[in-house]
Amino acid sequence: MAARDYNFAEIEKKWQEFWEANRTFRVEEDSSFPKEKRRYVLDMFPYPSGAGLHVGHPEGYTATDVYCRYLRMNGYNVLHPMGFDSFGLPAENYAIKTGTHPEITTKENISRFTEQIKSLGFSYDWDREISTHTPQYYRWTQWIFLQLFKKGLAYEANTPINWCPDCLTGLANEEVKDGACERCGTPVERRNIRQWILKITEYAEELLNDIESLDWSDAIKAMQRNWIGRSEGANVKFALESGQGEIEVYTTRPDTLFGATYMVLAPEHELVEKITAPEQKDAVEGYIRAASLKSDLERTELSKDKTGVFTGAYAVNPVNGEKIPVWISDYILVSYGTGAIMAVPAHDQRDWEFAKKFGLSIIEVLQGGNIEEEAFTGDGTHVNSGFLDGMNKPDAISAMIKWLEEKNLGRKSINYKLRDWVFSRQRYWGEPIPLVHCEKCGIVPVPESELPLTLPEVQSYEPSGTGESPLANIDSWVNTTCPSCGGPGKRETNTMPQWAGSCWYYLRYTDPLNENEFVSKEKMEYWMPVDLYVGGAEHAVLHLLYARFWHKVLFDLGLVNTVEPFQRLVNQGMITSFAYQRRNKSLVAVDAVDEVEPDVFVEKATGEKLERVIAKMSKSLKNVINPDDIIRDYGADSMRMYEMFMGPLQVSKPWSTSGLAGVSRFLNRVWTVAMKEITDEEPDENLVKLLHKTIKKVSNDTRGLEFNTAISQMMIFINEAMKHEKCYRKVWEIFVLLIAPYAPHIGEEMWQVLGKTETLAYEKWPEWIEELTKDDEIEIVAQINGKVRAKEMVPADISREEMEKLFLELPRIKEFTEGKTIVKVIAVPGKLVNIVVK
RNA sequence: GCCCAGGUGGUGGAACUGGUAGACACAAGGGACUUAAAAUCCCUUGCACCCUGUGUGCGUGCGGGUUCAAGUCCCGCCCUGGGCACCA
């Protein structure tokens, strides 16, 4: 074949068409692969937004693609699917604005995404593509919901929830960040709305314990642990002085019970009304009203200053019979523990602040701090504590729990910060919740045979904003017959949150077309669990916690074979961009910046010197990189390789177009070598050795997802191969296979240039010969007192003794040892000789 | 405040279980080719100093420590990013 230029556009189009036409990457449940030769490698599927793919998407997708191609060449049967998380607010909001049905927008966006994803040459099995908004898919989302419902894990409640006034829908706890809606940033309000709620708290203990068994980053594991927030303590009952009952509190410090000098109830606590003394009634009611108007943000962040009101009631401390006042304050949350606390101001900073402000007494029961200045929360010796005196903290905690249990005044108790999952949304574009409200029978599930319960057509997508979804206005849809008694019934009009579809999509990929079951047991068991899951860290507690919860429920129902869905999780880092910052820390758009000399940047308009910093890509800074442009100008292979070369997969790193150009130059050099005269002559030994080192490094690094260093090694190899006039078939056939997972289009093309007629996707991965990765001669350094003073090439197999002898006699070393005493000589074969002199 | 990452040249980043810090690339400078430029190829490039050489000193956020030897291990700080935040 005559030499030609590297025409990536032509090559990439050719091979993408080839893979598609030949369904090269279609995968089947072939039983001839033993379990250990199967791998399920999954990308977090995207929400098909109108903005199209951004450079962050290809990073994770390329990483898994390289890995999957490597696995296939190593004889694995690999499940590697892609699909779309296609229910969601943007399409619905667009529908409200334009009247276009969300389904139409969603379809368009999906086809744009598909085209973009395919233009990167990923080896997905497209026959398994799924979209969560299709009735064929959400039929089974609804089915799984019904299984949860039947198991008693879904309940209806009228409780105050987080309401986003901009999205006009309720939100789960996990969707609120710093008191604002995670999606749009609007501060959330508290609102009483009828909700469907999933009892995720029932699985708190399992969700927490099983984290340990997962191969996930410590960061994500810690986030999930913190979110679940388990604490151990005791519930203690305090009798009311009036004899009208008791207040139960939760405390992690039962050992400090002798120091409890007052109690606090959450303003919403049910006892408040009952116990408030007539003379305090006005004050208490005023406080409750004020507290109810505060947003979560105001109740926490903005008001660290303690507020509260005395109820006029007193309780009796069960350990010493002391009469203590009962207050209410909004620093106590009704939703945690029992919504009431015993306050121990000497040993809890919040109680201490409250006591100082309202002049309540502070009694030290544990020595070791200075309670005049702040609460002491450390360990120490108990004092003023009757039978606990002299004990340390852990002993006193157990002793007190034992005492309380014996006297029937309290018991050991465990609490979680995790709250149940608010599961309904008052919007249109989601899975309808398949339940019917019947006056006679109550809440009745839609029979499974009638699923999917499809979304009706509506005139207006506008949410009512009153807590009812647009579905509530479609009488013909809402009014139905009760599946149980046949009488009149009304359909549930809430829809499911966006997270529902992604809670089980990884299961559906194993059997995407099944019309009889959500998945067949055999196919599911063939692949599960997911061996490697790659995606952004932004789903640390949302999707990843919800999916684990559903999976555990499915496990308990005998529907899946593993306790956890995602065995190994890797979070790719964000791709950021350079930005330019003024002295006052404000940022300047890139097109308003001049580089006047190397690394000196000024703002065009003002001439102010700017500092180059790293920032998230944003439209306003004009530093957003569009993958389509990159593929057009440099090709998909360059894009793929550059994203893998930038740095470790897990860390965030800034995009640099000149860095990309460097990788592109590398691929051009690869092509140059491929176009040299191919010879069957024996390559020289050095090239062969370098090749074997390269096989070893690329194999190990690809397996360990350390793609950046694998690529460096390939660059080293090419720099050497360029020096040779001819292309040695023996080494080149191997190198082409090594680079193919990274740059598959050029890989296939070069394979064809070598005269091959089949795709290399299933060629056997090259093996290295250990012997050939070792050099005959190695450089050894001589150190004097730890400082490098000489370097010498020596045979690789030189003995320790020979090394010592050789270096001690080196003239250069003698300069340093002359007239000194040699205290010690340390020789490390293959590394160095260190001579300690005095 | 608590939890989790992480601080290495002008830049992105390498460095196996403690053993030559700075691989590979970008940027920069110099050279070759060219009428010229682009492209390509070659060379130099951590900082400082001098007696310019197998030269000396310094150098992986800061201060200590262990060790023949520390980017790597230990103790105490500082800073950056992410998460949580009145959870009793």
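Labels below follow one simple rule: chain letters A, B, ... track the order of the sequence lines, proteins then strands, and each chain is numbered from 1.
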Using side-chain hydrogen bond (donor to acceptor under 3.5 Å, both in side chains) as the criterion, list what pairs up with A/N415, not counting sequence neighbours. none
Using a heavy-atom cut-off of under 4.0 Å over every strand shown, decide if A/N785 touches base, sugar-phosphate, or nothing. nothing
Closest to side chain of A/Y336, choosing from B/U40, B/G12, B/A88: B/A88
Distance between the P atoms of B/U40 and B/A25, in whole angstroms? 14 Å
Determine the Euclidean distance between corresponding P atoms of B/A15 and B/G6; express it in Å to zero decimal places. 14 Å
Taking only the C1' atom of each, what is the distance from B/G71 to B/G55 in whole angstrom? 26 Å
Atom CG in A/L705, atom CG in A/D701: separation rounded to 0.5 Å? 10.0 Å
Is the closest basic N to carboxylate O distance between A/E353 and A/K356 below 4.0 Å? no
B/U60 and B/A23, which share atom name C1', separated by this distance in whole Å: 15 Å
What N/O pairs connect the protein and nucleotides 55-61 of chain B at under 3.5 Å? Give each pair on its own line.
{"residue": "B/U56", "atom": "OP1", "partner": "A/R789", "partner atom": "NH1", "Å": "2.9"}
{"residue": "B/U56", "atom": "OP1", "partner": "A/R812", "partner atom": "NH2", "Å": "3.2"}
{"residue": "B/G57", "atom": "OP2", "partner": "A/R789", "partner atom": "NH1", "Å": "3.3"}

A/V836 near the nucleic acid: base, sugar-phosphate alone, or nothing, with a heavy-atom cut-off under 4.0 Å? sugar-phosphate
Whichever of A/A222 and A/S656 has its nearest RNA chain B nucleotide further upstream toward 5': A/A222
If we count only N and O atoms by modelled type, under 3.5 Å, do the side chains of A/S335 and A/R419 hold a donor and an acceptor together? yes
Quick one: which of B/A14, B/C68, B/C4 gets closest to the side chain of A/N834? B/C68
When rounded to the nearest Å, what value does the distance between C1' atoms of B/U45 and B/G82 take? 36 Å
Protein and nucleotides 74-84 of chain B: nitrogen or oxygen contacts under 3.5 angstrom:
{"residue": "B/G83", "atom": "OP1", "partner": "A/K177", "partner atom": "NZ", "Å": "2.6"}

Rounding to a whole Å, what distance do you find between A/Y642:OH and B/G12:P? 11 Å
Side chain of A/R665 (C-beta onward), nearest among B/A88, B/C4, B/U40: B/U40
If each of A/I826 and A/I220 is mapped to the nucleotide of RNA chain B with the nearest heavy atom, which maps nearer the 5' terminus, i.e. the 5' end? A/I220
Closest approach to the side chain of A/K791, judged atom by atom: which nucleotide of B/C86, B/U20, B/C4 is it? B/U20
The criterion is ring-ring contact (aromatic ring centres under 6.0 Å, His included); which residues satisfy it with A/F354, sequence neighbours excluded? A/Y262, A/W327, A/Y331, A/F358
Choose from B/A88, B/U20, B/U11 the nucleotide whose nearest atom is closest to any side-chain atom of A/L832. B/U20
Mind running ring-ring contact (aromatic ring centres under 6.0 Å, His included) on A/Y642 and A/W655 for me, showing each step along the way? CA-CA 9 Å; A/Y642 174 60; A/W655 179 273; 5.0 Å; yes
Could you state the atom-to-atom distance from CE of A/M722 to C1' of B/C41 in whole Å? 8 Å
Suppose you measure atom C1' in B/C75 against the same atom in B/C68; what distance do you get, rounded to whole Å? 23 Å
Report, as a single string ordered 5' to 3', how protein heavy atoms within less than 4.0 Å touch nucleotides 45-51 of chain B: B base, S sugar-phosphate only, - not at all. -------
Parallel, tilted or perpendicular, as decided by the 30° and 60° cut-offs, for the rings of A/F717 and A/F735: parallel
Rounding to the closest angstrom, what is the interatomic distance between B/C74 and B/A70 at atom C1'? 11 Å
Counting heavy atoms from C-beta on, name the nucleotide in B/G19, B/A14, B/G12 closest to the side chain of A/I614. B/G12
Quick one about A/R665 and A/N668 (side-chain donor to acceptor, distance below 3.5 Å, no hydrogens or angles considered), yes or no? no
Candidates B/A23, B/A88, B/G19 - which lies nearest the side chain of A/S712: B/A23
From A/I826 atom CD1 to A/I835 atom CD1, the distance as rounded to the nearest 0.5 Å: 9.5 Å
Over 12 non-hydrogen atoms of neighbours within 6.0 angstrom of NZ in A/K412: no
Need the glycosidic conformation of B/G64: syn if within 90° of 0, anti if not. Which one? anti
Residues A/E801, A/K805: salt bridge by 4.0 Å N-O rule: no
Are a donor atom and an acceptor atom from the side chains of A/W352 and A/E374 found within less than 3.5 Å of each other? no
B/C68 phosphate, OP1 or OP2: any side-chain N/O from A/K824 under 4.0 angstrom? yes
Less than 4.0 angstrom from a charged side-chain N to a carboxylate O is my criterion; do A/K696 and A/E770 meet it? yes
The nucleotide from B/C26, B/A25, B/A14 with an atom nearest the side chain of A/T709 is B/A14
Just the dot-bracket of RNA chain B, please: which string comes out with Watson-Crick or G-U pairs under 3.5 Å, [ ] for crossing, | for another strand? (((((((..(((......[....))).(((((.......))))).(((((..).))))..(((((..]....))))))))))))....
Could you give the distance separating B/G22 and B/G59 at their C1' atoms, to the nearest angstrom? 11 Å
What contact category does A/N668 fall into here, base, sugar-phosphate, or nothing, at under 4.0 angstrom with non-hydrogen atoms? nothing
By the 4.0 Å heavy-atom rule, please label A/G662 as base, sugar-phosphate, or nothing. sugar-phosphate
